[in-house]
Number of protein chains: 2
Amino acid sequence: MDTKFNKKNFIENFKNNCNRVQVKKFSKGETVTTYIEKRSQICIVVSGEVDLIRYDFNGNKTIIGHFVDNEIFGEVFYPANTNNELFAIAHKNSEVLFYNYDSLSVKCKKNCEFHKELTNSLRQLFLDKIVELNLRIELLTTKSTREKILSYFRILSKGTLRRTFTLPYSYTDLADFLSVDRSAMMRELKLLIDDGFIKKNGNKITLLY
Amino acid sequence: MDTKFNKKNFIENFKNNCNRVQVKKFSKGETVTTYIEKRSQICIVVSGEVDLIRYDFNGNKTIIGHFVDNEIFGEVFYPANTNNELFAIAHKNSEVLFYNYDSLSVKCKKNCEFHKELTNSLRQLFLDKIVELNLRIELLTTKSTREKILSYFRILSKGTLRRTFTLPYSYTDLADFLSVDRSAMMRELKLLIDDGFIKKNGNKITLLY
DNA sequence: AAAAAACTGTTGCATTTGCAACAAAAATGA
DNA sequence: TCATTTTTGTTGCAAATGCAACAGTTTTTT
């Protein structure tokens with residue numbers, strides 16, 4: 001993915017220079033946005049971590065997304081006719097940048113450089129998001145917990161070019177990401193160790209296959 | 001989703017006027033692209049249907065995507081470090097438009113209007129794709145086959161504003177889309193009928209909840 | 001019009017998975 | 001530093017799900 005601009009720099013500049021954006025701070029546990037109003041709002045994590053939480057028909061709570069540095073999220077990325085209530089909640093103290101997708105083509109008062117760049121940059125951010133979502137779908141569409149785990153580990157291994165790597169999630173969050181029951185996942189991890197597929201030391205994993 | 005341009009018209013114009021794109025025809029069963037080379041290639045279904053097929057580590061075949069009119073697909077939307085082999089196969093006789101994402105910013109020889117529009121339009125196509133992928137992830141992250149089915153049916157019902165609607169997939173394809181075993185899904189459908197949640201008449205479903 | 005291919009519908013059975021529950025360890029924060 | 005919260009690790013059990021297999025329809029192709 002030859003990203004033709006530096007995402008971090010871009011967002012930093014944008015945040016400091018353009019008066020059409022807002023940056024707000026949230027304490028851990030606070031609601032960042034509700035996915036009910038502001039349909040055209042795009043959010044970017046400037047610092048911290050934000051969870052996307054679903055309360056379904058029966059009131060069950062599931063973490064369906066987890067956003068960190070420079071990731072985009074917001075209701076604009078979700079279909080209007082969903083059944084569920086979605087909430088973006090600060091997982092840690094966080095800073096989030098907001099702006100309206102609608103206002104993209106309009107010049108801001110400062111006539112800032114960043115609006116000119118925005119169209120191209122946003123396309124790249126969108127593409128990155130698609131890649132990320134397709135990756136997740138690849139994992140979610142495997143048939144077994146074992147395959148989900150192994151596929152994910154193989155991806156991490158390829159990404160780092162190492163057989164040993166550190167998990168970017170806690171085991172609790174990993175279970176959410178893979179959409180499996182945590183205890184079932186832990187059980188399967190133990191079986192994978194017993195069967196000689198992996199080694200596990202805290203949140204460090206070694207692939208042995 | 002206030003799409004600010006007509007997708008169908010846009011693609012039709014693009015196809016006819018810009019000499020940087022190629023449109024090729026494929027017979028049912030032919031390989032459209034392999035997701036191994038041409039990393040920067042974007043594909044659009046002009047007519048027909050294209051399946052995205054995964055052969056995993058163990059050689060199991062799964063249909064992980066299904067593209068129809070004007071949908072975009074291609075290797076550029078997939079992470080480079082995937083474990084699996086992906087193939088786009090024509091599900092019916094199809095026409096597919098190809099062009100390079102790289103060449104986006106370059107003017108074509110005709111200096112065509114469509115290249116000027118392309119950036120904005122593509123951003124919208126990307127956004128549509130994100131929405132579609134998020135919808136699928138919503139379904140895939142429910143805990144049970146019953147919830148997957150009901151959630152999807154509720155979405156179709158809301159989309160059409162009708163309690164009775166026609167499924168856009170065959171039951172075989174629906175099972176793939178929801179990533180459940182077909183026979184297990186059929187069993188669950190019967191239970192949903194017995195429990196009075198739905199009625200089913202061929203590929204027409206009525207929600208009763 | 002006949003043959004082939006794809007799809008629907010169904011079932012028994014084995015396995016996988018989720019759920020509930022709890023103790024111990026680690027991390028957080030007041 | 002002590003108390004609280006979060007995470008990890010584990011297990012028995014019940015329920016959900018995948019798999020295999022096959023017959024009957026429907027659709028497509030020749």
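A note on names: the letters A, B, ... follow the listed sequences, proteins ahead of strands, and every chain is numbered from 1.
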Point to revise | Residue mapping more 5' on DNA chain D - nearest nucleotide basis, Arg182(B) or Met185(B) | key: Met185(B)
Exercise for review: Report the distance from atom NZ of Lys148(A) to atom P of dT17(D), rounded to the nearest whole Å.
Suggested key: 12 Å
**Study point:** Gap between atoms NE2 and P, on His91(B) and dT29(D) respectively (whole Å)
**Key:** 11 Å
Point to revise | Lys28(B) vs dT28(D): side-chain N/O to OP1/OP2 distance below 4.0 Å | key: no
Review point. With a distance cut-off below 6.0 Å to the six-membered ring centre and an angular limit of 45° from the axis, does Lys200(B) pair with Tyr171(B) as a cation-pi contact?
Key: yes
Practice item. Determine: side-chain N/O of Thr172(A) to OP1/OP2 of dT6(D), distance under 4.0 Å, yes or no. Key: no
**Study point:** Spacing of Asp181(A) atom CG relative to dT17(D) atom P, expressed in whole Å
**Key:** 13 Å
Point to revise | Contact under 4.0 Å: Lys92(A) side-chain N or O vs dT28(C) OP1/OP2 | key: no
**Study point:** 5' precedence on DNA chain C between Lys200(B) and Arg187(B) (nearest-nucleotide basis)
**Key:** Lys200(B)
Point to revise | Parallel, tilted or perpendicular: ring planes of Tyr169(A) versus His66(A), cut at 30 and 60 degrees | key: perpendicular
Review point. For Asp51(B) and dA6(C), what is the distance between atoms CG and C1' respectively, to the nearest whole Å?
Key: 13 Å
Check your understanding: Could you state the NZ-P distance from Lys61(B) to dG18(D), rounded to the nearest angstrom?
Key -> 19 Å
Review point. Has Thr145(B) got a side-chain N or O lying under 4.0 Å from the OP1 or OP2 atom of dA16(D)?
Key: no
Point to revise | Pairing of Asp195(A) and Arg146(A) as salt bridge, 4.0 angstrom limit | key: yes
Check your understanding: Does the Asn201(A) side chain pair with the main chain of Lys204(A), one donor and one acceptor, at a distance under 3.5 Å?
Key -> no
Check your understanding: Got a salt bridge between Arg54(A) and Glu138(B), using NZ or NE/NH1/NH2 to carboxylate O under 4.0 Å?
Key -> yes
Exercise for review: Provide, to the nearest angstrom, the distance between the CZ atom belonging to Arg146(A) and the C1' atom belonging to dG18(D).
Suggested key: 16 Å
Review point. Looking at the side chain of Ser170(A), which of dT8(D), dA20(D), dT10(D) is the nearest nucleotide?
Key: dT8(D)
Review point. Can you check whether Lys143(A) has a side-chain N or O nearer than 4.0 Å to OP1 or OP2 of dT17(D)?
Key: no
Check your understanding: How close or far is atom P of dG9(D) from atom CG of Leu191(A), stated in whole angstroms?
Key -> 14 Å
Practice item. Would you mind telling me which of dT17(C), dG18(C), dT8(D) lies closest to the side-chain atoms of Val180(A)? Key: dG18(C)
Practice item. Measure from CG on Leu189(A) to C1' on dT17(C) and round the result to the nearest Å. Key: 14 Å
**Study point:** Nucleotide of dG18(D), dT11(C), dT11(D) approaching Ser183(A) most closely (side-chain heavy atoms)
**Key:** dT11(D)
